[in-house]
Amino acid sequence: MDRPSTESPLAGTGTAYQEHLAPAPLRGQFGQLWQSQLSADASGSITVLPDGCVDILWRDGALFVVGPDRTAAHPQLAPGAQVLGARFRPGQASAALGIDLSDIVGQAVPLIEFNARWATQVAASIGDAAPEQRLQRLADCLQQNMPAAVVDEHTKRAHVLFAHAAKGDVSVDALATHLAMSPRTLRRFSQAQFGYGAKSLERILRLQRFLRCSQAQPAHSLAMLAAEAGYADQAHLSREARELSGLTASALRQEWGR
């Protein structure tokens, strides 16, 4: 397993979160592997912000596909719970699962329901490993059982769409033109590949930009961070933060921007 590429609280509050670049054999399909550990004296729900991504997740001895979220999710975890994940690259989840991602927005679906008959055995194998070895076991099992990454026009376009939405450097209309799609076709394509339309994806990834800017520039004011992240002004940031996370921009900065 590669060394951690980042240690970030972006996945959720109340947990120790560590993220790794996926091992080379998995990088065509997965961007990162991650692990999250809840403290032994903590319980209840945690807050996980939307990020436009889909993960294969191991928790409570089972494997799930966690679909994209429109707003913050609040999963319930037991004290000391360990959660492992493999995050699909843009465009790869729909190809690997054989579905439009709009079908699983806001859901955690057992992996076995996607014709992955190996899921139960693999989940038990991960649970049998020592906690510090489980992420490597997850990586090994995915390498052995997941189909090869798909590289076609759909996955290439999905990658371009996500990259531009993450940077916020072009309008949705300009992106539709760049991808040789009508705005309506782009919306349907984005719903299939990411669970929601391109404008919703852009909003979600702009909030993630705000969190990254908060980490990189802790001394900046909210107004300065709003401008750097691509919001019209601080009021725009405040509205979007409330709608997508249920929290104020200040609270988001305090919890995730450290």
Side-chain angles (χ1 to χ4, degrees), residues 8-20 22 26 29-38 42-127 131 134-135 137-139 141-142 145-147 162 190-196 200-201 204-205 207-208 244-246 256:
S8 166
L10 296 184
T13 56
T15 65
Y17 177 80
Q18 193 175 72
E19 191 174 280
H20 305 256
L26 291 174
Q29 197 163 49
F30 297 97
Q32 296 83 27
L33 301 184
W34 56 266
Q35 53 190 335
S36 182
Q37 183 71 51
L38 194 66
S43 63
S45 67
I46 65 170
T47 299
V48 181
L49 299 182
D51 59 6
C53 297
V54 175
D55 298 70
I56 291 180
L57 182 148
W58 180 90
R59 74 177 184 208
D60 300 326
L63 285 166
F64 301 88
V65 172
V66 179
D69 289 314
R70 290 183 178 275
T71 57
H74 304 281
Q76 298 287 329
L77 296 175
Q82 183 184 36
V83 183
L84 312 175
R87 185 165 300 125
F88 280 104
R89 287 190 178 277
Q92 290 297 322
S94 178
L97 302 173
I99 62 167
D100 284 1
L101 295 188
S102 58
D103 293 339
I104 58 169
V105 169
Q107 300 180 51
V109 183
L111 180 59
I112 198 169
E113 294 189 14
F114 296 94
N115 200 30
R117 285 172 283 186
W118 46 270
T120 300
Q121 182 178 353
V122 163
S125 173
I126 295 169
R134 286 174 180 164
L135 193 62
R137 181 70 60 86
L138 171 63
C141 290
L142 291 177
N145 292 283
M146 288 293 292
F162 190 92
S190 183
Q191 288 173 332
Q193 296 293 328
F194 299 105
Y196 23 68
S200 294
L201 178 65
I204 286 166
L205 297 183
L207 186 65
Q208 291 287 334
L244 295 175
S245 73
W256 278 270

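From a predicted model like this one, the values you see are computed outputs, not experimental measurements.
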Interatomic spacing from CG in Leu111 to OG1 in Thr120 - rounded to 0.5 Å: 9.0 Å
Criterion side-chain contact (heavy atoms from CB on, under 4.5 Å) on Leu63 and Leu138, from CA distance to verdict: CA-CA 10 Å; Leu63 285 166; Leu138 171 63; 4.2 Å; yes
Side-chain touch Ser245/Thr47, heavy atoms, less than 4.5 angstrom: no
Leu142 CG to Trp118 CH2 distance, which is reported to the nearest 0.5 Å: 5.5 Å
Taking every non-hydrogen atom, the tightest pair across Phe30 and Met146: CZ-CE, 4.2 Å
Straight-line distance of Asn145 CG to Arg117 CZ, nearest 0.5 Å: 12.0 Å
Verdict with reasoning, Leu49 to Leu244, per side-chain contact (heavy atoms from CB on, under 4.5 Å): CA-CA 8 Å; Leu49 299 182; Leu244 295 175; over 6 Å; no
Minimum heavy-atom distance Arg70-Tyr196, with the two atoms named: NH1-CB, 3.6 Å
Polar side-chain atom of Gln82 near backbone of Pro131 as donor-acceptor pair, under 3.5 Å: yes
Verdict with reasoning, Leu84 to Arg137, per side-chain contact (heavy atoms from CB on, under 4.5 Å): CA-CA 10 Å; Leu84 312 175; Arg137 181 70 60 86; over 6 Å; no
In residues 90-107, what donor-acceptor pairs under 3.5 Å come from side-chain atoms, sequence neighbours left out?
{"residue": "Gln92", "atom": "OE1", "partner": "Val150", "partner atom": "N", "Å": "3.1"}
{"residue": "Gln92", "atom": "NE2", "partner": "Val150", "partner atom": "O", "Å": "2.6"}
{"residue": "Ser94", "atom": "OG", "partner": "Ile99", "partner atom": "O", "Å": "2.7"}
{"residue": "Gln107", "atom": "NE2", "partner": "Asp103", "partner atom": "O", "Å": "3.0"}

Trp34 side-chain N/O to Tyr17 backbone N/O, donor-acceptor pair under 3.5 Å: no
Step-by-step side-chain contact (heavy atoms from CB on, under 4.5 Å) determination, Gln18 to Gln37: CA-CA 9 Å; Gln18 193 175 72; Gln37 183 71 51; over 6 Å; no
Spacing of CZ belonging to Phe194 relative to OG belonging to Ser200, to within rounding of 0.5 Å: 12.5 Å
CZ-CG distance between Arg87 and Asp51, expressed to the nearest 0.5 angstrom: 5.5 Å
Approximate separation, where rounding is to 0.5 Å, of Phe88 CZ and Gln193 CD: 12.0 Å
